[in-house]
Amino acid sequence: MSKKLAWLMGGLTAVVAVAPAMALPTSVGEEGIDALRLQANPYNLTGRKIGIGQVEVGRPGKFGVDKAFSSIRAIAVEGVFHRDEPAKADTFVDAHAAMVATVMVSADKTLRGVAPDARLYASAVGSIRGSGQPQECLSAQHVALQNSGDVRAINFSFGEPLQRDTRENPELDGNALLTQCVDWSARVHNTLYVIAGNQGNGGIPIPTDNYNGITVASTMRRGGEFAKLDFSNLSDLPEGIGRSLIAREINVGARRSISLVAPGNNIAVYNLEGQRISVTGTSFAAPHVTASVALLQEYGDRALKKADPNWSADSRRSEVMKAILLNGVDKIKDSGDGQKLGMERTILDKENLTWLDGDAYSNAQIPLDIEMGTGQLNAFRAYQQFSAGQWDATQPIPAIGWDYGTVDDSSYQDYILEAPLQGGSHASITLTWQRLVELNDSNGNEQFDVGEDFRDRGLNNLDIYLMSADSDNPSESACSSVSTVDSIEHIFCPVPATGQYKIRVQYRDRANEETQPYALAWWTVPASPR
């Protein structure tokens, strides 16, 4: 693999042969993200009819199109493209892309993907000599328009190095064309972009500085479970040895990159020859998240068809999926009393410290841990968070739930928890909203074309508080998340005393529109009856 191609692909840091049926079922099963439980009875969630996407330098093969791929029928791809055109047979078929697709949609009984029945649409950007961020944006847009314009999540297990960015003195400030494209498409096409995080020497930084998607780091096994940050991740404070490299590979200012972590070390996949090999890197962590969206969205669409109460088409919003995934994580293993929300394991960073040891736990202005974001993906816990249903601010809310609402400038929405919260238990609350990026549409066709660019209209500033139900003073809140630079606010804090509480969503500072849509997810512990 050339150094330039490795830059663009990222993620692929180790490839070794392994025994059959070894690693992938572990990362998809209870030792990893616990998605196999959702595939089995009584849930039977496999991603049926849900569109997801994949954009990379190359693409996976498709049976019936590519002769070289005819032996790997377990990976069924719905559509393959070269940028915004149908793929030509046996062109740009790529091992890296095939391995990423395995994690998402493999239907092999012994090497099962996260969402084997999802509809996967994949576009190859093509040769790096004739492509760049405009062509990558074109590919992403084309994938987002597939499945009748209904693609719920798109996987980026590749990226652009800063050395190839055409801006003068480029930084990870959210202003690269591809990063702005991702944030624009997330809003306009309502799709959740899942981006493989920086790693290694040089990394794949662009578009890890996005606002409207999820950037993923990878974990490795510890004691048989995926529970420790992999050393291949490049995510640390810019101090000490390697400071200049790390400083260029993380977001400028106080905003952090990593939103979530997922298994990414020694993951079993298929190569182009149909052999099972083991791979490592954030490239293989990200598709665990992307495909988990398909499982959740299949459930959500079922609930819509049944006209379930406390359910609406808001369940399809990308901001809702983001809030659900980030709130339904594992951080600290629950002791069995439910006080830490039933979390299944403790996740450790590279220094063997927990989320409770980091500054995100103690500093209200920092919502995300620099190495692990809000924690590790747990698909089953995300299902529990999602299936609790939608509850708006016009009624008392249950202990677990979510909402998609709006808040006006200099105002707030209060969500009053119906039951008292248990003192000493932890509350987890996540708020997500979107940066407003608009297309400078020179030809008026409402689509991105090569030669066009984007306008960043900024990010409105929202905050969240957990407050006593009878208080109206946020400064007296039990806990809060008040970052001034992020499109995520996240609370994970102990409830100080048993009592009645409410969640406040506050519109603090306006950068663009007067009314701001947002998604809110919460998970709390009601007090035990006496």
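Side-chain contact of Asn210 with Thr179: a donor-acceptor pair under 3.5 Å is absent, judged by distance alone. Gln434 and Arg187 form no side-chain donor-acceptor contact under 3.5 Å, judged by distance and modelled atom types alone. A side-chain donor from one of Asp230 and Asn265 sits under 3.5 Å from a side-chain acceptor of the other.
With salt bridges taken as basic N to acidic carboxylate O contacts below 4.0 Å, none links Arg59 and Asp94. No salt bridge links Glu319 with Arg435; every basic N to acidic carboxylate O contact stays at or beyond 4.0 Å. Salt bridge Asp173/Arg167: present, at least one basic N to carboxylate O contact under 4.0 Å.
Taking CD of Gln135 as the start and CG of Asp84 as the end, the distance is 10.0 Å to the nearest 0.5 Å. Taking CG of Leu341 as the reference point, atom CG of Asp334 lies at 7.5 Å (rounded to 0.5 Å). With rounding to the nearest 0.5 angstrom, the CD1 atom of Ile154 is 9.5 Å from the CG atom of Leu192. To the nearest 0.5 Å, the span separating OG1 on Thr191 from CE on Met321 amounts to 12.0 Å. Here CE of Met343 is found 6.5 Å from CG of Asp330. Values are rounded to the nearest 0.5 Å.
A ring-centre distance under 6.0 Å is found for His96 and Phe284. Aromatic ring centres of Tyr404 and Tyr518 lie farther apart than the 6.0 Å criterion allows. When ring centroids are compared, His490 and Trp355 come within the 6.0 Å threshold.
Using the six-membered ring where Trp is involved, His82 and Phe92 have ring planes that are parallel, under 30° apart on the 30 and 60° scheme.
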Between side-chain atoms of residues 123-130 and protein atoms elsewhere (two or more places apart, or another chain), which donor-acceptor pairs fall under 3.5 Å?
residue, atom, partner, partner atom, Å
Ser123, OG, Arg83, N, 3.2
Ser123, OG, Arg83, O, 2.9
Ser127, OG, Arg129, N, 3.2

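Between the side chain of Arg256 and the backbone N or O of Leu368 there is at least one donor-acceptor pair closer than 3.5 Å.
When all heavy atoms of Asn212 and Ala186 are compared, the pair lying nearest together is CB-CB, 3.8 Å. Residue Asp349 comes nearest to Lys228 through the heavy atom pair O-NZ, 3.0 Å, listed as atom of the first residue, atom of the second, then distance.
Judged as a side-chain contact (heavy atoms from CB on, under 4.5 Å), and not counting sequence neighbours, the contacts of Asp108 are Ala74, Ser106, Thr110, Leu111, Tyr270, Arg276. Every side-chain contact (heavy atoms from CB on, under 4.5 Å) that Gln141 has, sequence neighbours left out, goes to Leu138, Leu145, Trp184, His189, Gln447, Phe448.
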